[in-house]
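To keep things clear, I will list the structure first and then write my remarks on it.
Here is how names work: the chains are called A, B, and so on, in the same order as the sequence lines, proteins then strands, and each is numbered from 1.
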2 protein chains.
Amino acid sequence: MSYATQMEAARRGIITPEMEAVAGEEKVDAEYVRSSVAEGRAVIPANRNHGGLKPCGIGRGLRTKINVNLGVSRDCCDIELELEKARLAIELKADAIMDLSCHGSTDEFRRRLIEMSPAAVGTVPIYDAVGFCDRDLKDMTAGDFLGVVEKHARDGVDFMTIHAGINRETAARFRKNPRLTNIVSRGGSLVFAWMEMTGRENPFYEHFDELLEICRRHDVTISLGDACRPGSLRDATDASQIQELIVLGELTRRAWERNVQVMIEGPGHMPLNEIAPNMLLEKKLCHDAPFYVLGPLVTDVAPGYDHITSAIGGALAAASGADFLCYVTPAEHLRLPTLEDMKEGIMAARIAAHAADIAKGIPGARRWDDDMSEARRNLDWERMFSLALDPEKARRYRRESQPEDQDSCTMCGKLCAVRSMNRVLGGSDL
Amino acid sequence: MSYATQMEAARRGIITPEMEAVAGEEKVDAEYVRSSVAEGRAVIPANRNHGGLKPCGIGRGLRTKINVNLGVSRDCCDIELELEKARLAIELKADAIMDLSCHGSTDEFRRRLIEMSPAAVGTVPIYDAVGFCDRDLKDMTAGDFLGVVEKHARDGVDFMTIHAGINRETAARFRKNPRLTNIVSRGGSLVFAWMEMTGRENPFYEHFDELLEICRRHDVTISLGDACRPGSLRDATDASQIQELIVLGELTRRAWERNVQVMIEGPGHMPLNEIAPNMLLEKKLCHDAPFYVLGPLVTDVAPGYDHITSAIGGALAAASGADFLCYVTPAEHLRLPTLEDMKEGIMAARIAAHAADIAKGIPGARRWDDDMSEARRNLDWERMFSLALDPEKARRYRRESQPEDQDSCTMCGKLCAVRSMNRVLGGSDL
């Protein structure tokens with residue numbers, strides 16, 4: 001290959017096999033994909049060492065993608081269970097999987113995950129660094145952190161969350177503008193703690209050029225983490241969050257100078273009316289780099305239902321410009337998700353993404369809905385099931401409650417409006 | 001009493017006990033409630049015969065309310081089960097209950113429901129007419145329909161869905177503008193079928209003045225039904241829907257002339273980007289009458305998850321002006337909901353309503369979130385549970401998965417950002 005990264009190729013006018021694959025998947029022109037990658041408006045996370053990857057594009061004009069989190073930790077160190085979660089995520093059409101492993105056999109798990117996953121794999125190297133290095137955080141060095149990044153890059157990780165924006169300047173802004181919930185980003189809090197304990201600048205910020213060189217060599221897409229993502233409605237769109245976003249915009253340009261692909265991570269907890277303005281802010285301050293959001297969760301009060309609070313925020317965010325949604329499960333704020341929680345979270349995220357794709361006019365997105373509605377009008381239950389987001393659940397629900405009239409359902413029975421209209425418009429009485 | 005309806009009282013400058021109650025509940029000025037009711041921007045559904053009613057205001061500047069549907073039907077004729085659903089709805093803080101009974105002991109059920117419900121009770125008289133009168137629909141007369149309205153009014157029903165907007169003019173518009181899913185409103189399809197089979201004008205439209213007189217006498221709030229609410233994304237914001245809305249706006253003025261309170265019913269299935277424009281249309285064409293929406297469901301493809309598709313649409317609708325959300329359960333499009341489905345639906349609707357109240361700046365709405373987030377920052381689990389939308393589910397989730405560190409949860413364990421920040425900002429190491 002005569003190029004290091006997808007972005008380098010794109011800028012040199014080369015349409016890579018990955019761009020072709022994305023174009024085919026999205027039913028758009030390959031040249032559109034190339035120009036989007038060249039200008040940084042889209043990324044194709046595709047580490048050169050990730051064999052078996054099915055390339056996926058994230059960015060403007062492309063279908064909104066969803067990510068699933070999993071990984072081994074102190075409280076859940078069963079590699080096989082986490083791999084089962086990965087298989088479920090792929091079966092349920094997750095576009096990417098983030099391995100948030102932070103304890104135990106993180107190396108083995110990561111290797112096996114990359115080997116089995118056709119979906120892009122992301123990591124947060126600082127989690128692994130803290131879990132893997134058998135030292136206190138304050139004794140770790142910038143070299144330790146970069147070493148983990150390099151290791152993940154060699155293993156074939158397609159994108160990595162790097163909390164480079166919480167530098168001294170952002171930290172000072174945070175201290176001057178007190179927040180209700182401080183820093184709720186796990187990686188962000190670790191970087192902040194390290195800075196506090198060592199008195200040094202954020203290692204990912206200070207050594208950003210070295211980090212870019214590692215990412216360039218392996219074509220790792222940098223996902224610039226938002227340490228100051230709001231952890232409560234109160235903290236949304238505050239000085240710390242926006243200060244960090246400004247820094248992320250500057251880092252984006254530096255990455256692009258090296259042909260390293262970039263996306264930006266975003267909120268968080270956020271009132272519904274602040275979501276669209278935040279999408280604009282990201283696109284402006286970060287020069288149209290793809291936006292990867294967690295939530296946004298539109299209320300703080302619903303633990304147990306945060307797949308719903310985030311589906312509301314995610315749909316609105318993606319309709320207003322976000323490109324990539326991180327799933328949130330009903331277990332958020334309470335515990336690690338089970339397989340059942342994962343499924344709920346994936347379905348909610350897919351609904352949000354699809355609703356947004358219809359709203360932002362992604363070509364062909366609404367065809368699915370039209371097909372479903374045609375099946376509904378025809379009372380063609382088998383076709384409704386086959387088109388359903390979750391055919392198994394739809395089939396099970398109907399089976400549990402059999403109507404007297406087999407062509408309707410127990411919701412309306414003989415008063416079924418579809419049935420009545422079909423008869424009357426067909427010239428019959430009811 | 002020297003007034004027939006809340007609206008008459010309001011217009012005569014009288015602050016009724018119901019207005020006082022609403023003002024107390026909403027923490028707004030009673031004069032604000034009075035002027036809102038006088039101008040039709042808010043309603044207080046409060047039938048003079050509904051003893052034990054806790055009055056509830058619906059309209060601009062007031063908290064977004066939610067409604068729960070239930071009732072006896074051919075496929076579910078167990079009165080006791082439906083009353084259990086009503087008790088659950090009240091326990092879970094539903095603001096109103098619609099009795100959609102259409103078969104069997106509808107009279108007994110309605111009487112018992114009104115007797116036990118402090119929440120406003122609504123009905124759709126045409127369902128009961130079809131189920132109750134032992135005749136074919138086509139043999140029924142306008143007098144039969146009005147008779148049922150009168151009966152419900154005497155029984156103490158607080159608001160009634162009346163499909164008066166699907167008149168000959170709207171029906172002609174519907175025929176000229178073909179739809180993918182025709183008419184999916186159950187009541188609307190029955191009225192349309194009756195018109196087709198008898199060749200006559202919509203009886204609720206033709207006899208609207210008589211109907212108003214019944215409603216005025218008992219202070220029944222009319223909920224003007226939207227027969228042409230879209231049943232698919234494709235049909236949203238089409239000629240039939242908007243034509244009917246224009247007619248509903250005219251009927252609203254006629255009702256107001258008789259001091260009858262009115263709200264307007266709305267979509268339905270609708271792409272996310274069409275929701276805000278539709279809220280504007282309703283407020284303009286219906287002169288700021290409160291808007292009562294079903295959903296909107298932002299995609300057609302997710303049977304089994306329509307509590308989520310409608311929470312997304314409902315949140316956005318209420319943030320953009322809708323005042324009253326009808327809950328949708330996971331069973332929508334598939335079967336009658338169980339108690340468990342109901343709970344899911346109520347929680348989703350309450351999340352949507354609350355998220356919207358924060359967005360539209362309802363005074364005090366965000367206090368709940370701030371309290372929860374303060375408890376989160378303090379890792380005060382008991383307070384988090386007590387503040388949670390669903391304390392039982394939150395408690396159960398956490399209990400199912402015990403962390404090694406009792407102050408965090410298994411999601412992050414020792415890497416808990418809240419814990420880390422509390423330590424570092426408190427001057428300790430991690």
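Across A:Ile183, A:Asp390, A:Asn69, the residue that shares the most heavy-atom pairs under 4.5 angstrom with chain B is A:Ile183. Each of B:Leu387, B:Leu190, B:Ile351, B:Asp371 has some count of heavy-atom pairs under 4.5 Å with chain A, and the biggest count is that of B:Ile351. The residue among A:Ala356, A:Pro330, A:Ser408 with the most heavy atom pairs within less than 4.5 Å of chain B is A:Pro330. The greatest number of non-hydrogen atom pairs below 4.5 Å with chain A, out of B:Asn378, B:Asn182, B:Thr338, B:Asp235, is found for B:Asn182. For the options A:Val184, A:Thr410, A:Leu415, A:Asn273, heavy-atom pairs under 4.5 Å to chain B are most numerous at A:Thr410. Ranked by heavy-atom pairs under 4.5 Å with chain B, the first of A:Gly314, A:Ser189, A:Pro403, A:Ser185 is A:Ser189. Interface summary for chain A: among B:Leu100, B:Val301, B:Ile275, the most heavy-atom pairs under 4.5 angstrom belong to B:Val301. Ranked by heavy-atom pairs shorter than 4.5 Å toward chain B, the options A:Gly188, A:Gly304, A:Ser373 are led by A:Ser373. Most heavy-atom pairs under 4.5 Å with chain A: of the set B:Ile358, B:Leu316, B:Leu389, B:Asp300, this distinction falls to B:Asp300. Residue with the most contacts toward chain A among B:Pro271, B:Ser73, B:Gly413, B:Ala331: B:Ala331 (heavy-atom pairs, distance under 4.5 Å). Each of B:Cys412, B:Ala193, B:Ala311 has some count of heavy-atom pairs under 4.5 Å with chain A, and the biggest count is that of B:Cys412.
In this structure, chain B has no heavy atom under 4.5 Å from any part of A:Arg395. For B:Ala319, the part lying under 4.5 angstrom from a heavy atom of chain A is the side chain only. For a residue to count as touching a neighbouring chain, one of its non-hydrogen atoms must lie under 4.5 Å from one of that chain's; by this rule B:Leu137 touches chain A with the side chain only. Heavy-atom distances place both the backbone and the side chain of B:Leu180 under 4.5 Å from chain A. In this structure, no portion of B:Arg396 lies under 4.5 Å from any heavy atom of chain A. For chain A, the nearby parts of B:His333 are the backbone and the side chain; heavy atoms of each come within less than 4.5 Å. Within the 4.5 angstrom heavy-atom criterion, atoms from both the backbone and the side chain of B:Glu374 approach chain A. Interface remark: B:Val130 contributes side-chain atoms only to the contact with chain A (heavy atom separation under 4.5 Å). Proximity to chain A is absent for every atom of B:Pro391, based on heavy atoms less than 4.5 angstrom apart. Of the atoms belonging to A:Arg186, heavy atoms from both backbone and side chain fall under 4.5 Å from chain B. Only the side chain of B:Asp341 has a heavy atom closer than 4.5 Å to any heavy atom of chain A. Neither the backbone nor the side chain of B:Cys76 comes within contact range of chain A; no heavy atoms are under 4.5 Å apart.
B:Arg234 has no carboxylate O lying under 4.0 Å from a charged side-chain N of A:Asp369, or vice versa, which leaves the two without a salt bridge.
For B:Ala355 against A:Val298, the heavy-atom pair with the smallest separation is CB-CG2, 3.5 Å. In this structure, A:Leu272 and B:Ala315 approach most closely via the heavy-atom pair CD1-CB, 3.7 Å.
Counting heavy atoms from C-beta outward, A:Ile308 and B:His307 have side chains that approach closer than 4.5 Å. Contact check for A:Met411 versus B:Arg335: no side-chain heavy atoms found under the 4.5 Å cut-off.
A:His354 NE2 to B:Thr309 OG1: the interatomic distance, rounded to the nearest 0.5 Å, is 10.5 Å. Atom CD of A:Glu332 is separated from atom SG of B:Cys409 by 8.5 Å, given to the nearest 0.5 angstrom. Rounding to the nearest 0.5 Å places CE of A:Met372 at 12.0 Å from OG of B:Ser232. Between the CG atom of A:Leu336 and the OH atom of B:Tyr397 there is a distance of 12.5 Å, given to the nearest 0.5 Å.
Partner of B:Pro303 under the side chain to side chain contact (heavy atoms under 4.5 Å, CB included) criterion, out of A:Lys393, A:Arg376, A:Arg398: A:Arg376 alone.
Not counting sequence neighbours, A:Glu274 has no partner by the salt bridge (charged side-chain N to carboxylate O under 4.0 Å, His left out) test.
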Dump the intermediate steps for side-chain contact (heavy atoms from CB on, under 4.5 Å) on A:Leu233 and B:Trp368, then the final yes or no. CA-CA 11 Å; A:Leu233 298 190; B:Trp368 185 10; over 6 Å; no

Under 3.5 Å, sequence neighbours excluded: what are the donor-acceptor pairs made by side chains of residues 419-427 of chain A?
{"from": "A:Arg419", "atom 1": "NH1", "to": "A:Asp405", "atom 2": "OD1", "distance (Å)": "3.2"}
{"from": "A:Arg419", "atom 1": "NH2", "to": "A:Lys414", "atom 2": "O", "distance (Å)": "3.4"}
{"from": "A:Ser420", "atom 1": "OG", "to": "A:Cys416", "atom 2": "O", "distance (Å)": "3.0"}
{"from": "A:Asn422", "atom 1": "ND2", "to": "A:Arg377", "atom 2": "O", "distance (Å)": "2.8"}

